[in-house]
Protein chains: 2
Amino acid sequence: MVVAVNDGEPCLLTIGQADTLPSGPFALEHRSPQSGLRGWVEQQTGHPLGYIEQLYTFADRDRVGPQRQQRVISISYLALTRKEQATAAPSTCGWQSWYEYFPWEDHRSGSPPVGLDVLRARLIEWADGADDPARQRERRQRVAIAFGFDDRHWNEELTLQRYELLYEAGLVEEASDGKAAPPPAAVSGKAMVADHRRILATGVTRLRSKIKYRPVVFELMRPTFTLLQLQRTVEALAGRLIDKPNFRRLVEQQELVEETGDTSVDTGGRPAKLYRFRRAVLDERAFAGTKLPMSRA
Amino acid sequence: MVVAVNDGEPCLLTIGQADTLPSGPFALEHRSPQSGLRGWVEQQTGHPLGYIEQLYTFADRDRVGPQRQQRVISISYLALTRKEQATAAPSTCGWQSWYEYFPWEDHRSGSPPVGLDVLRARLIEWADGADDPARQRERRQRVAIAFGFDDRHWNEELTLQRYELLYEAGLVEEASDGKAAPPPAAVSGKAMVADHRRILATGVTRLRSKIKYRPVVFELMRPTFTLLQLQRTVEALAGRLIDKPNFRRLVEQQELVEETGDTSVDTGGRPAKLYRFRRAVLDERAFAGTKLPMSRA
DNA sequence: TCCCATTATATTCGATCTGACAATAAGGGG
DNA sequence: CCCCTTATTGTCAGATCGAATATAATGGGA
């Protein structure tokens, strides 16, 4: 799964009918699958992959086809890059906004995305269709948490849980069992081959979580950028709006960026200072998770 | 990597001369390696694995031996269980404190572990032995961050980084290149077969991070426990002390536990209330990472 | 030229959280 | 009944966070 953000849209590299993630067998000439992936993508996009991370390894029997008596092992990766370079890429691959596959995940407009109410209604329908009342309550609760019902807040990090719920409820095309038709693609999103959309959901979840404690966003930025551009990129990934002054405060007090001295020729209004990522922070600081109530030193 | 905590010691299941992690080839009769692992460990320990998580998949050429022209794929897992059940386990496997392999990681005594000063000295030596001054500074900084020099605080989540630094500096047995002898095992820890100690370091890092945002500790607890026992378990994993009142506040305000009504027949002092894990929280709440400066809803 | 729309940047404020520490409660043993 | 030990509760200052306000710099139009 190769991700880039341009013009405020989080995009993903696809092949085929925009329904397949780039993939291939390991070639033995590479030392690791990582380096194989890197070479392949750099050739395709003309841009180096700044960041690669393993997502998950699938080794289940019966994953590919129904009754193959052979185990296929697939290692999925998450990679970050930029797509600006208009390279003469083969027409077999292209960039797609990832919200085409998950329309319900884009909350940047301030209001819920179109179709989310439809999904909610059908999810409640599904929950109420459970066998016994206990299971009904349990389903309703899961749906309420994942999709932010009642007084609960929307949690952008639950992308995978949401996709799994929709799958379980038969509301995405991949899970259509013939019983009930899923909603139109504008609501339930574009389907992908095999379990590729699930891998995508895993990657989105991982990335939305990761940007909060490691400075990986900068892999998606141009060498210099304004703070608003940086914010828009984070918003694109998170799928929700961020408070501008607070975002600036956060970035500045962590000393993640430094001014270049230049200002941006922008789209109107006061010119914005240009910044660059301070790569030194990667050496200066350790970026780790959250905290625990510590004891006296 | 199978982890349990008993009597305040974080333990790990080993085979061989306590230098090998349990492992085996996938059997085709299992649907997934996960279920194969589960069955195998349950048979060995007599206790169900409460939690399994994939750690990392190694698929590099040359990982096993120097010049095998065959790719071996290893999927490593982290699993949590309890070891109380004195099962008639085969003598081939046993439990070892994980601090036997990482003595420098145990900061629960309040003071730095014995031997850490030796490692620090030799690490600085290694840093100063770099080719050019720039590389020297870079090494010193990495060492200072990972091992908490100067005014920097000890960060328990950097276990993997620390092990990798020690490896790079040739201070662990696995990395001995014949040049300089690593410190004695009491300082540099017990070595393991192949890269098993690196996998272990990965697992420790992951677990130390995970306990902070997901309630996985309870997989290591008995059905009922006192808050101090819970705290001691977390401390065992984190390798550092926790403030008691603050820990209690954290656990209670998140409603992770409920009183059983009983009190513990304890080792002296006021009896402690017994608690049990509220499994319902897993359904009630979503446990996700940290926060981002959000916008007005 | 001056005003205004637009966007950037700086500052403030109250609520909440966190680390640190003090105080009180409830047992057992001498 | 005193005292030791551990459990439990409470307090308090500083940091952090979400929210909102105030000021600055540009271009465009009256």
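Everything numeric here is computed off the predicted structure, so don't read it as measured data. Order of the sequence lines fixes the chain letters, A, B, ..., with proteins taken first and strands second; residue numbering starts at 1 for each chain.
For the pair B:Leu274 CG and D:dA7 P, the interatomic distance rounds to 11 Å; values are reported in whole Å. We find that CG of B:Leu241 is positioned 15 Å from P of C:dG19, with the value rounded to whole Å. Here C:dT9 presents its P atom at 13 Å from CZ of A:Phe247, a figure rounded to the nearest Å. Taking atom CD of B:Gln231 as the reference point, atom C1' of D:dT8 lies 13 Å away to the nearest angstrom. Between the CG atom of B:Asp243 and the C1' atom of D:dC12 there is a distance of 14 Å, given to the nearest Å. Atom CG of B:Asn246 is separated from atom P of D:dA7 by 16 Å (rounded to the nearest Å). Nucleotide C:dT7 holds its C1' atom 11 Å from the CZ atom of A:Arg232, rounded to whole Å. What separates OH of B:Tyr275 from P of D:dA7 is a distance of 11 Å, to the nearest Å.
A sub-4.0 Å separation between OP1 or OP2 of D:dT8 and a side-chain N or O of B:Arg248 is present.
Counting any heavy atom pair closer than 4.0 Å across all strands shown, A:Leu227 reaches no nucleic acid atom.
For the helix from C:dT1-D:dA30 to C:dG30-D:dC1, the end axes, each set by the C1' atoms of five terminal pairs, are bent relative to each other by 30° (nearest 10°).
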Original post:
Tell me, for nucleotides 25-30 of chain D in 5' to 3' order, what letter each nucleotide earns: B for a base near a protein heavy atom under 4.0 Å, S for only sugar-phosphate near one, - for neither?
Top reply: BB----
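Ring geometry for B:Tyr163 against B:Phe102 counts as perpendicular: the plane angle is over 60°, on a 0 to 90° scale with 30° as the lower cut.
The side chain of B:Lys273 has D:dT9 as its nearest neighbour among C:dT18, C:dT9, D:dT9. Nearest nucleotide to the B:Lys244 side chain, out of D:dT21, D:dA7, C:dA22: D:dA7. Distance from the side chain of A:Glu252 is smallest to C:dA10 among C:dC21, D:dT8, C:dA10. Of the candidates C:dT9, C:dA10, C:dT18, the closest approach to any side-chain atom of B:Gln253 belongs to C:dT18.
A cation-pi contact, defined as under 6.0 Å to the ring centre and within 45° of the axis, is absent between A:Arg120 and A:Trp154.
When all heavy atoms of A:Val204 and A:Met1 are compared, the closest pair comes out as N-CE, 4.0 Å. Annotation for A:Pro10 and A:Ala236: closest pair CG-O, 3.5 Å, computed over non-hydrogen atoms. The two residues B:Leu119 and B:Leu166 have their closest heavy-atom pair at CD2-CD2, 4.1 Å. For the residue pair B:Leu282 and B:Pro215, the shortest heavy atom distance occurs at CD2-CG, 3.9 Å.
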Original post:
What's the verdict on salt bridge (charged side-chain N to carboxylate O under 4.0 Å, His left out) for B:Arg208 and B:Glu156, showing C-alpha distance, side-chain angles and the deciding distance?
Top reply: CA-CA 7 Å; B:Arg208 284 183 171 181; B:Glu156 73 277 3; over 6 Å; no
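In the interface, the side chain of B:Arg249 is paired with the base of C:dG19 through a donor and an acceptor atom under 3.5 Å apart.
Between B:Arg82 and B:Arg222 there is a side-chain heavy-atom pair separated by less than 4.5 Å. Using a 4.5 Å heavy-atom threshold, the side chains of A:Leu80 and A:Leu49 count as separate.
Electrostatic pairing of A:Glu9 and A:Arg108 counts as a salt bridge here, judged by a charged N lying under 4.0 Å from a carboxylate O.
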